[in-house]
Trainee: 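This is the structure I have questions about; it appears just below.
This chain uses plain numbering: 1 for the first residue, then up along the sequence.
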Amino acid sequence: MKKPIAYWTFDEGQGNQATESVSGQADTVQFALGKGRFQAPRDPVWAEGIKGKALSFDGYSTFIRRLAGQTPQPVENLTITAWIAPRTYDYGAENRLSAIVNQHNREKKEGYILGLFRYGALSLQAGVDGRWLEAWSSEPVPLHRWSFVSAVFAGSEGRISLYLNGRKTAETLLDQPLKITPSSADLLIGRNNNGVVLAESFIMNHYDGWMDELAIYDSALTEDEIRRQYEQDLQPYDGVIPFIEREAMEIPRPYFAADRHRPQFHMNPPGHWMNEPHAPLYFGGQYHLFYQQNPNGPFYHHIHWGHAVSPDLVHWRDLPTALSPEEGLDPDGIWSGSAAYDPHGIPVLFYTIGNNGETPNQSIGLAQSAYPADGDNDLKTWIKHPSPIVRQERGAGLFGEFRDPFVWREEGIYYMLVGTGAGGEEEGGTALVYVSSDMLNWECRGPLYISDYAKYPYLGKAWELPVLLPLPLEGKEAASSGKHVLLISPWGEGAKVEVNYWIGVWDRETCRFTPDDDEPGLIDVGDFHFTGPSGMVDPRTGRSLVFTIAQGERTPEIDYDCGWAHGAGMPVSLFLRADGRLGVEPVEETERLRGRRLLSAAGSSLEEINWQLADVSGDLLEIKLSFHSCRAEQFGISLRRSPDGAEETVIRFNRPEQWLEVDRTKTTLDERERTRGIQGGLLPIGEEDLHLHIFVDRSLIECYANGLKSLTTRAYPSRLDALGLLLWADGPAEHVDMEVWEMTPAYS
């Protein structure tokens, strides 16, 4: 057997170096969490390999760089062999490969690259005499299982061959000898030499998955030699490729738990990027929640559907990705949607298909649960309908803006809302209503309700994420008020990204919604942190529940270093108050997250409570606070406060102006953070006492006021001692009630 010129066994199993066996040189494994910016430095993730250990590449930051000249560059002959187990397929920005190993410059037509493309396509590409040659395998490399990939450049024969598990899957023959033009680039493992730059901080075209036994030869191995190597590696397994538990390949949540800014008792992804949670449903004794996910890194790109389950809406368990983009049907993303049940009570998902090869590039898809055939109560397997179930027709809404289906069933008929715009020059957003008896064949019944763009330009030219829910009476979840609430997220020119709502009447015969008032309301008065609504009627309690995204508001450079972005807000219950206004409260199950009670004071003065608060601190807290007969004009609470007050986030209420706000002018001393300024909105409570229900979950702060409004914000203190609490008022505050609990994690 010929000897390699470079060979990484990845048998270290720990640390941040991988030794190349031929030279004995130890190469540093680059990894974002190795910087230790917001927690103690972490080593890259290691896994069980085919032979010994393997290295896990995270899809955006894990790679090995060897400087040009430190490894001989094959010219006439080249063979690369490796065991790989991809976790995801890269999007292939600019038609570039996610590199297994490369030392190349495609634009200069120099060097070589072996890597994967969309849907697992394996390719060897090289610069040869001013040309760029590409060989593509006819068989994809599967996800979540080991595969032995091999590529041979036999220059003297004018041949390029690819192999998968010892079998030839591609061969290109040219009628002349070939030589690879050397490249001055560094040799990189796991990252493309010419990866596309996204948002200044992220380099695309990364390999995502496990890798073991990477070898580079300056000779052309024969097909028999490659087959023998494959068989030899599998001898300990009786010739069968060892099975990988899919969960073992998922992003390791514990790697991010010590990050001092990452929420712990809210639902969030294991790591990397998420956006709006959606498609909540209850099935088999569990709540299921899906969410927009990029498993390749903490940035927006190539959207999948993540999946989590909970027995009680507050304790969550991660499940594997539910839906992924696939060739043909939805190659450019699985965008937002909802869930319903088929006539037999089996869950069905409705989602927005992203397909840039069609016009418009958005349509509606359906995925059916494999239950009960697979017997899986976790609903891990979903079977997509092979074609879109609804396509936008010209004249139906704002053509090209057509997404986020919200589906429910009434009296045997399925109704679907799809966000769009009315289409007229002066018209605003709307949701088209579709009806069906079988969930596959849908009839458009026109717009649900059209917002007045001239009068309310902040509602935009189109809507996203429409949600229509019945409103139960306050304190009577099973009792209908006869009213519905319509939630939307504005899009387009002039739009302000907030959750707007109307209370009104839904008429299922005409498929129209008539609001009580043309002017919409706001649930949350924070700043861009309570967005992306999705909803459900809880079949257990009759509650109308809403789930939202709590945006992170950080720079791409910070997101890169911490390895995660965004998370979900606390599930909230919506109801019709006795005074006819919309009521909003966090679900009562949040009490199940309480740990130690840190403070309990009733009818105390502000000064007395502050004296007790001197011994209370934390960044995982629940706070209940009531100001009774407070004669001050402005009063509130300082959170995430350093002992000297240099850092603090202040929530305050201005009684004369009926205004609730958060002051983040002193939230952090870190100039690189974006959390700044004062955000707030109306809290019309008149002379009522102020009641605040506050959750502090590291960087995420949620405040619910008088069952009427919420205020969601983010705070990223730079000081480790910014853990204190302090009440304040600009006048007498003699009768204050306050309770504080330490909160426990949502994930075991």
Side-chain angles (χ1 to χ4, degrees), residues 524-527 584-586 597-619 621-668 675-696 700-715 717 719 721-742:
D524 195 271
V525 298
D527 182 43
V584 54
E585 292 279 9
R597 188 191 300 266
L598 303 179
L599 176 70
S600 180
S604 301
S605 69
L606 184 145
E607 290 77 13
E608 289 171 337
I609 291 182
N610 278 337
W611 181 80
Q612 296 180 63
L613 286 177
D615 296 323
V616 176
S617 64
D619 57 6
L621 302 173
E622 179 186 4
I623 302 165
K624 283 197 168 184
L625 178 61
S626 296
F627 292 87
H628 299 290
S629 305
C630 182
R631 287 174 288 163
E633 291 192 349
Q634 296 191 59
F635 45 97
I637 183 171
S638 170
L639 308 162
R640 297 305 312 266
R641 177 184 173 87
S642 61
D644 59 0
E647 287 189 336
E648 63 176 346
T649 298
V650 178
I651 293 176
R652 60 176 170 245
F653 179 61
N654 185 310
R655 173 76 71 179
E657 297 182 10
Q658 300 283 283
W659 190 264
L660 180 70
E661 66 184 16
V662 58
D663 186 339
R664 300 189 301 174
T665 56
K666 294 168 62 180
T667 286
T668 181
T675 50
R676 296 288 186 271
I678 300 174
Q679 297 84 34
L682 286 172
L683 177 64
I685 63 173
E687 295 302 315
E688 291 180 24
D689 293 340
L690 178 68
H691 304 285
L692 301 180
H693 190 179
I694 300 170
F695 297 97
V696 178
L700 177 56
I701 298 174
E702 291 179 279
C703 174
Y704 297 88
N706 288 57
L708 191 63
K709 296 289 182 181
S710 65
L711 187 157
T712 307
T713 193
R714 287 280 191 171
R719 289 176 50 166
D721 62 353
L723 301 170
L725 304 172
L726 185 71
L727 301 186
W728 69 273
D730 65 359
E734 299 299 330
H735 297 87
V736 181
D737 297 341
M738 187 173 189
E739 292 183 284
V740 182
W741 292 269
E742 192 174 63

Trainee: Do Asp615 and Leu599 have side chains that get closer than 4.5 Å, going by heavy atoms?
Mentor: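 They are not in contact (no side-chain heavy atoms under 4.5 Å apart), so the answer is no.
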
Trainee: Looking at Arg640 and Glu647, is there a salt bridge between them, counting it only when a charged N and a carboxylate O are closer than 4.0 Å?
Mentor: no

Trainee: Please check if the side chain of Arg719 supplies one atom and the backbone of Thr668 the other of a donor-acceptor pair under 3.5 Å.
Mentor: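 Side chain of Arg719 to backbone of Thr668, a donor-acceptor pair under 3.5 Å: no, none is there.
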
Trainee: With rounding to the nearest 0.5 Å, note down the distance linking CG in Asp663 to CD in Gln679.
Mentor: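 The distance works out to 8.5 Å.
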
Trainee: Consider side-chain hydrogen bond (donor to acceptor under 3.5 Å, both in side chains). Of Thr713, Thr675, Thr667, which one does Thr649 pass it with?
Mentor: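 The side-chain hydrogen bond (donor to acceptor under 3.5 Å, both in side chains) with Thr649 is passed solely by Thr667 among Thr713, Thr675, Thr667.
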
Trainee: Shortest non-hydrogen contact from Leu692 to Ala705?
Mentor: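 For Leu692 and Ala705, the tightest heavy-atom pair comes out as CD2-CB, 3.8 Å.
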
Trainee: Could you verify whether a donor N or O on one side chain and an acceptor N or O on the other, from Glu739 and Trp741, lie under 3.5 Å apart?
Mentor: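 Side chains of Glu739 and Trp741: no pair found under 3.5 Å.
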
Trainee: How many angstroms lie between atom CD of Glu734 and atom CZ of Arg631, to the nearest 0.5 angstrom?
Mentor: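 Rounded to the nearest 0.5 Å, the CD-CZ separation comes to 6.5 Å.
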
Trainee: Under 4.5 Å between any side-chain heavy atoms of Leu708 and Pro684, yes or no?
Mentor: yes

Trainee: Minimum heavy-atom separation for Ala632 to Gly731, with atom names?
Mentor: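 Taking every non-hydrogen atom into account, CB-N, 3.3 Å.
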
Trainee: Decide yes or no for Phe653 and Ile685: does some side-chain heavy atom of the first lie under 4.5 Å from some side-chain heavy atom of the second?
Mentor: yes

Trainee: State, without any angle test, whether Asp524 and Ser710 hold a side-chain donor-acceptor pair at a distance under 3.5 Å.
Mentor: yes

Trainee: Which pair of non-hydrogen atoms, one from Pro717 and one from Ala722, has the smallest distance, and what is that distance?
Mentor: CB-CB, 3.6 Å

Trainee: Can you find a pair of side-chain heavy atoms, one from Leu613 and one from Leu726, that are under 4.5 Å apart?
Mentor: no

Trainee: Give me the atom names and distance for the closest heavy-atom approach of Pro586 to Tyr704.
Mentor: CD-CG, 3.6 Å

Trainee: Hey, could you give me the CE/CG distance between Met738 and Leu727, rounded to the nearest 0.5 Å?
Mentor: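 One gets 5.0 Å once the value is rounded to the nearest 0.5 Å.
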
Trainee: For the CD atom of Glu702 and the CZ atom of Arg714, what is their distance to the nearest 0.5 Å?
Mentor: 9.5 Å

Trainee: I would like to know whether Val696 and Leu725 meet side chain to side chain contact (heavy atoms under 4.5 Å, CB included); could you show each step before the answer?
Mentor: CA-CA 11 Å; Val696 178; Leu725 304 172; 5.5 Å; no

Trainee: Got a donor-acceptor contact below 3.5 angstrom from the Asn706 side chain to the Leu690 backbone?
Mentor: no

Trainee: Does any non-hydrogen side-chain atom of Glu657 lie less than 4.5 Å from one of Glu633?
Mentor: no

Trainee: Quick one: closest heavy-atom pair of Phe627 and Gly636, and the distance?
Mentor: CZ-O, 3.9 Å

Trainee: In Å and rounded to the nearest 0.5 Å, what is the CG to CG distance from Leu683 to Leu711?
Mentor: 9.5 Å

Trainee: Apply the test side chain to side chain contact (heavy atoms under 4.5 Å, CB included) to residues Val736 and Leu625: give CA-CA distance (whole Å), side-chain angles for both, the deciding distance (0.1 Å), then the verdict.
Mentor: CA-CA 7 Å; Val736 181; Leu625 178 61; 3.7 Å; yes

Trainee: How about CD on Gln658, more than 12 heavy atoms from neighbouring residues, nucleotides or ligands closer than 6.0 Å, or not?
Mentor: yes

Trainee: Decide yes or no for Glu661 and Val650: does some side-chain heavy atom of the first lie under 4.5 Å from some side-chain heavy atom of the second?
Mentor: no

Trainee: The test is side chain to side chain contact (heavy atoms under 4.5 Å, CB included); show your working for Ile651 and Leu660 and say whether it passes.
Mentor: CA-CA 7 Å; Ile651 293 176; Leu660 180 70; 4.1 Å; yes

Trainee: Is there a side-chain contact between Ile609 and Ser604 (heavy atoms, below 4.5 Å)?
Mentor: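 Side-chain contact under 4.5 Å: yes.
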
Trainee: Say you draw a straight line from CD of Glu622 to CZ of Phe695; how long is it, rounded to the nearest 0.5 Å?
Mentor: 4.5 Å

Trainee: Should we say atom NE2 of His691 is surrounded by more than 12 heavy atoms from elsewhere, each under 6.0 Å from it?
Mentor: yes

Trainee: Take atom CZ in Arg676; do more than 12 heavy atoms of anything else shown fall under 6.0 Å from it?
Mentor: yes

Trainee: Show the nearest heavy-atom pair for residues Ala602 and Asp737, with the distance to one decimal.
Mentor: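 The pair with the smallest heavy-atom distance is CA-OD1, 3.2 Å.
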
Trainee: Check Lys666 with Glu648, please: is the shortest side-chain N to carboxylate O separation under 4.0 Å?
Mentor: yes

Trainee: Please step through side chain to side chain contact (heavy atoms under 4.5 Å, CB included) for the pair Ile637 and Ile623, ending with a clear verdict.
Mentor: CA-CA 10 Å; Ile637 183 171; Ile623 302 165; 4.3 Å; yes

